[in-house]
Amino acid sequence: MTRTADGAPPTTPDGRYIVVRGRLWRTSNPHLGAEERQALVDDLMDARRAVRGAMQGGDDAALRIARSRVQAAKTGLGERGPVWWDDGSPDLNRRMARNTCYAPWYASLEEDR
């Protein structure tokens, strides 16, 4: 797995995606204010804990609600839903980096290993 010197996953040169196990994952909207971003991250963590609790408890209704809370937080962060950039570039979320316009950049990371 490719990581940066500090152990974080690499971020595409335009800052739109991180790469985990060769797959692109959209980053949070960098234009969010610090307080708004932190509130959304807190909501996301609470929702993920609720998903875990609902799964452990076998509560299907609570699971649906918790998963919708995860979706809402991730959409608010810009990681899902409409893209946060406005230059018309397509959303490549969840695609393999080697199959996108980031392929040369990603290959150079692999070569540097």
Undergrad: Identify whether V20 and V70 are in the same connected component of the hydrophobic contact network (ILVMFWY, side-chain heavy atoms under 4.5 Å).
TA: no

Undergrad: Tell me whether L40 is reachable from I65 by hopping between hydrophobic residues (I, L, V, M, F, W, Y) whose side-chain heavy atoms are closer than 4.5 Å.
TA: no

Undergrad: Considering residues at least two apart in sequence or located in another chain, which fulfil the salt bridge (charged side-chain N to carboxylate O under 4.0 Å, His left out) criterion with R49?
TA: D46

Undergrad: What heavy-atom pair brings T100 and R95 nearest, and what distance separates the two atoms?
TA: CG2-CB, 3.9 Å

Undergrad: With side chain to side chain contact (heavy atoms under 4.5 Å, CB included) as the criterion, how do W105 and V19 come out once you've worked through the C-alpha distance, each side chain's angles and the decisive distance to 0.1 Å?
TA: CA-CA 11 Å; W105 166 80; V19 183; 3.7 Å; yes

Undergrad: Let me confirm one number: the CD-CH2 distance from E79 to W25, rounded to the nearest 0.5 Å.
TA: 10.0 Å

Undergrad: As a test of understanding, state which of I18, T12, V83 forms a side-chain contact (heavy atoms from CB on, under 4.5 Å) with R26.
TA: V83

Undergrad: Output all residues satisfying salt bridge (charged side-chain N to carboxylate O under 4.0 Å, His left out) with R69, sequence neighbours left out; order by chain, then residue number.
TA: none

Undergrad: Does the side chain to side chain contact (heavy atoms under 4.5 Å, CB included) test come out yes or no for M55 and R67, once each step is laid out?
TA: CA-CA 11 Å; M55 290 179 74; R67 284 184 172 159; 4.1 Å; yes

Undergrad: Determine whether the side chains of R16 and S89 contain a donor N or O and an acceptor N or O closer than 3.5 Å.
TA: yes

Undergrad: Atom CG of residue position D86 - does it have more than 12 heavy atoms of other residues, nucleotides or ligands inside 6.0 Å?
TA: no

Undergrad: Hey, what do you get for CG (L44) to CD (Q71), rounding to the nearest 0.5 Å?
TA: 10.5 Å

Undergrad: Rounded to the nearest 0.5 Å, how far does CG of L92 lie from CZ of R23?
TA: 12.5 Å

Undergrad: Give the cluster check for L24 versus L109: same hydrophobic cluster or not, with ILVMFWY residues linked at side-chain heavy-atom distances below 4.5 Å.
TA: yes

Undergrad: Which atom names give the shortest non-hydrogen contact between Y106 and G22, and what distance separates them?
TA: OH-CA, 3.3 Å

Undergrad: Can you tell me how far apart CG (N29) and CZ (R37) are? Round to the nearest 0.5 Å.
TA: 10.0 Å

Undergrad: For residues 49-94, which residue pairs pass the ring pair (Phe, Tyr, Trp, His ring centres under 6.0 Å) check, not counting sequence neighbours?
TA: Y17-W85

Undergrad: Taking all atoms of both residues into account, what is the closest heavy-atom pair of G76 and L32, and its distance?
TA: O-CD1, 3.8 Å

Undergrad: Taking atom CE of M96 and atom CZ of R21, what is their separation to the nearest 0.5 Å?
TA: 10.0 Å

